[in-house]
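Take a look at the structure set out below.
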Amino acid sequence: MAPRLDDKTVANLVAEATAAPSMHNAQPWLFRFLAGERLVLLYADPERAMPHSDPDNRALHIGCGAALFNLRVAAVHAGLVPETRLLPEPQEPLLLAAVHLTDPAGRPRDADLARLHPAIRQRHTSRHPLADKDVPEGMRGRLRDCAAREGAELLFPGAWHAETVLDLVRDAESRDVMAPGVNEDLVRWTRLGPEADTAVDGVPEYAFGPRKRDGKAPVRDFTGRRPVADRGTTTFEHTPHLALLGTPGDSPADWLRAGQALERVLLEATLADLATSLTSHALEERELRLLARDPGSGTGQVQMVLRLGYGPRGPATPRRPVADVLDVA
């Protein structure tokens with residue numbers, strides 16, 4: 001029988017899992033560790049769902065999938081073998097994954113996962129302008145391979161396709177202005193003034209980045225109509241470097257795979273000194289996700305729009321204490 005995992009090791013694994021990105025940094029995950037079985041259970045936290053922005057919980061699953069990938073990386077770094085099952089109990093939809101942490105027992109270490117470990121804490125969302133410098137084709141190939149290894153596809157759209165995606169983002173922003181009710185989720189998960197200094201979740205004011213004076217980069221303005229401290233304005237990229245992460249299907253299992261693929265891509269990009277940001281603003285309805293697909297093939301489901309390039313990474317955003325998200329049984 002494998003030795004019992006100590007509580008400190010498990011807490012460290014969960015702390016690294018929760019460094020993952022999630023929509024509006026809502027951190028919609030809960031973990032339960034069954035010590036006797038060496039089993040980590042990942043649950044969706046319905047209290048952190050976003051009924052207006054994410055009515056089918058697609059983004060929630062993607063965020064939890066990203067946390068699951070970090071857990072896998074952290075486990076390999078700790079000398080463990082994570083054996084993962086998605087949606088292990090169909091009658092329990094909030095249970096998203098089960099990870100059995102086994103001893104290597106002579107099995108080779110997953111070196112590709114282990115080398116990504118330093119990037120877990122280095123990855124931060126950048127809401128700043130990025131350089132015009134293009135991402136080399138070799139790097140694009142590595143990122144495409146990262147997505148493929150998790151059952152997803154990473155597409156770098158051509159000029160016409162990218163402009164279509166940017167039009168969808170602008171349309172989504174216009175809808176927000178015309179229907180203020182859709183901003184309820186954004187208001188709930190942004191932290192202004194003194195609240196930003198003590199927050200454990202949400203997007204704090206210091207991470208908003210400057211206002212966009214000009215340019216086409218898909219950077220969401222988290223202030224809405226609320227007064228905030230002067231962030232300054234600046235020009236963003238006129239031709240942002242975009243990538244579209246897609247999956248063959250559009251089910252909860254696909255969303256979880258998309259989240260794992262997304263985090264694998266983001267960690268690889270971070271190791272290559274690429275800054276990244278995400279937007280699903282134009283993908284919140286299934287009909288819009290279909291419009292964002294590759295016009296050549298017309299297949300697959302776009303789950304996330306990535307912006308990447310060379311520039312500042314942005315500050316770290318707060319995380320909930322491990323004691324708030326981990327239950328040990």
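In this text, all values refer to a predicted model and were calculated from it rather than measured experimentally.
Under the 4.5 Å side-chain heavy-atom criterion for Ile, Leu, Val, Met, Phe, Trp and Tyr, Leu154 and Leu266 are members of the same hydrophobic cluster. Both Val322 and Trp29 belong to a single network of hydrophobic side chains, linked directly or stepwise wherever heavy atoms of I, L, V, M, F, W or Y lie under 4.5 Å apart. Hydrophobic clustering places Leu308 together with Leu278 (ILVMFWY residues linked when any side-chain heavy atoms are closer than 4.5 Å, directly or through intermediates). The hydrophobic clustering, which links ILVMFWY residues whose side-chain heavy atoms are closer than 4.5 Å, places Leu42 and Leu80 together. By the rule that hydrophobic residues join a cluster once side-chain heavy atoms approach within less than 4.5 Å of another member, Val73 and Val14 end up as members of separate clusters.
No donor-acceptor pair under 3.5 Å is formed between the side chain of Asp327 and the backbone N or O of Arg32. Between the side chain of Arg72 and the main chain of Pro82, no donor-acceptor pair closer than 3.5 Å is present. His61 contributes no side-chain N or O that, together with a main-chain N or O of Arg257, makes up a donor-acceptor pair within less than 3.5 Å. When atom types are taken as modelled, the side chain of Arg144 and the backbone of Phe156 share no donor-acceptor pair closer than 3.5 angstrom. Side chain of Asp6 to main chain of Lys8: a donor-acceptor pair is present (N/O by atom type, distance under 3.5 Å, no hydrogens or angles). Here the side chain of Arg319 pairs a donor or acceptor atom with the backbone of Thr18 at under 3.5 angstrom. A donor-acceptor distance shorter than 3.5 angstrom exists from the side chain of Lys212 to the backbone of Ala217, with no hydrogens or angles considered. Of the possible donor and acceptor atoms, none in the side chain of Ser277 sits under 3.5 Å from a partner among the backbone N and O of Arg127. Looking at His161, its side chain does come within 3.5 Å of a backbone N or O of Ala292 through a donor-acceptor pair.
The neighbour count for Glu137 CD, taken as heavy atoms of other residues, nucleotides or ligands under 6.0 Å away, is above 12. Atom CG of Asp132 sits in a sparse spot, with 12 or fewer heavy atoms from other residues, nucleotides or ligands closer than 6.0 Å.
A salt bridge links Glu268 with Arg115: the distance from a Lys NZ or Arg NE/NH1/NH2 to an Asp or Glu carboxylate oxygen falls below 4.0 Å. By the 4.0 Å N-to-carboxylate-O rule, Asp201 lies too far from Arg320 to be salt-bridged with it. Salt bridge Arg191/Asp197: absent, no basic N to carboxylate O contact under 4.0 Å. Taking 4.0 Å as the cut-off between side-chain N and carboxylate O, Glu237 and Lys133 do not count as a salt-bridged pair. Between Asp145 and Arg142 there is no salt bridge, since none of the side-chain N atoms of the basic residue sits less than 4.0 Å from a carboxylate O of the acidic one. By the 4.0 Å N-to-carboxylate-O rule, Arg107 lies close enough to Glu83 to be salt-bridged with it.
A 4.5 Å side-chain heavy-atom check between Ser53 and Met23 finds at least one atom pair inside the cut-off. Considering only heavy atoms from C-beta on, Arg220 comes within 4.5 Å of Leu186 through its side chain. In this structure, the side chains of Leu101 and Leu5 come closer than 4.5 Å at one or more pairs of heavy atoms. Side-chain contact between Leu13 and Phe31: absent, with no pair of heavy atoms (C-beta onward) separated by less than 4.5 Å. Side-chain atoms of Phe69 and Leu113, non-hydrogen and from C-beta on, do get closer than 4.5 Å to each other. Side-chain contact between Glu150 and Glu263: absent, with no pair of heavy atoms (C-beta onward) separated by less than 4.5 Å. In this structure the side chain of Glu195 never reaches within 4.5 angstrom of the side chain of Glu205, judged on heavy atoms. Between Asn25 and Trp189, the closest side-chain pair of non-hydrogen atoms is not below 4.5 Å.
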List the steps, then state whether side chain to side chain contact (heavy atoms under 4.5 Å, CB included) holds for Val219 with Arg307. CA-CA 9 Å; Val219 180; Arg307 167 179 164 257; 3.8 Å; yes

Verify side-chain hydrogen bond (donor to acceptor under 3.5 Å, both in side chains) between Thr164 and Asp167, making sure each step is shown before the conclusion. CA-CA 5 Å; Thr164 299; Asp167 284 343; 5.5 Å; no

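Of the residues listed (Leu256, Val40, Val99), the one engaging Leu68 in a side chain to side chain contact (heavy atoms under 4.5 Å, CB included) is Val99, and it is the only one. When the options Thr270, Thr276, Asp273 are evaluated for a side chain to side chain donor-acceptor pair (under 3.5 Å) with Arg313, the one that passes is Asp273.
By the ring pair (Phe, Tyr, Trp, His ring centres under 6.0 Å) test, His241 pairs with no residue at all, sequence neighbours left out. For Pro88, the side chain to side chain contact (heavy atoms under 4.5 Å, CB included) partners two or more places apart in sequence, or in a different chain, are Arg85, Leu95, Ala98.
Cluster partners of Leu283 are Leu155, Val165, Leu166, Leu242, Leu244, Val302, Val305, counting Ile, Leu, Val, Met, Phe, Trp and Tyr whose side-chain heavy atoms approach within less than 4.5 Å, directly or via other members.
Distance CD/Gln122 to CG/Leu116: 11.0 Å, rounded to 0.5 Å. With rounding to the nearest 0.5 angstrom, the CZ atom of Arg109 is 7.5 Å from the NE2 atom of His77. Taking OG of Ser251 as the reference point, atom CG of Leu86 lies at 9.5 Å (rounded to 0.5 Å). Taking CG of Leu262 as the reference point, atom CG of Leu306 lies at 5.5 Å (rounded to 0.5 Å). Note that CG of Leu60 and CZ of Arg58 are 11.0 Å apart. Values are rounded to the nearest 0.5 Å. The CG atom of Leu41 sits 11.0 Å away from atom NE2 of His100, with the distance rounded to the nearest 0.5 Å.
Between the side chains of Thr247 and Gln303, at least one donor-acceptor pair of N or O atoms lies under 3.5 Å. If you check the side chains of Thr9 and Asn12, you find no donor sitting under 3.5 Å from an acceptor. Side chains of Arg48 and Ser22: a donor-acceptor N/O pair is absent below 3.5 angstrom, by distance only. Side-chain contact of Arg188 with Thr190: a donor-acceptor pair under 3.5 Å is absent, judged by distance alone.
Using cut-offs of 30° and 60° for the angle between ring planes, the Phe222 and Phe208 rings count as parallel.
Among all heavy-atom pairs drawn from Leu290 and Gln301, the shortest one is CD2-OE1, 3.7 Å.
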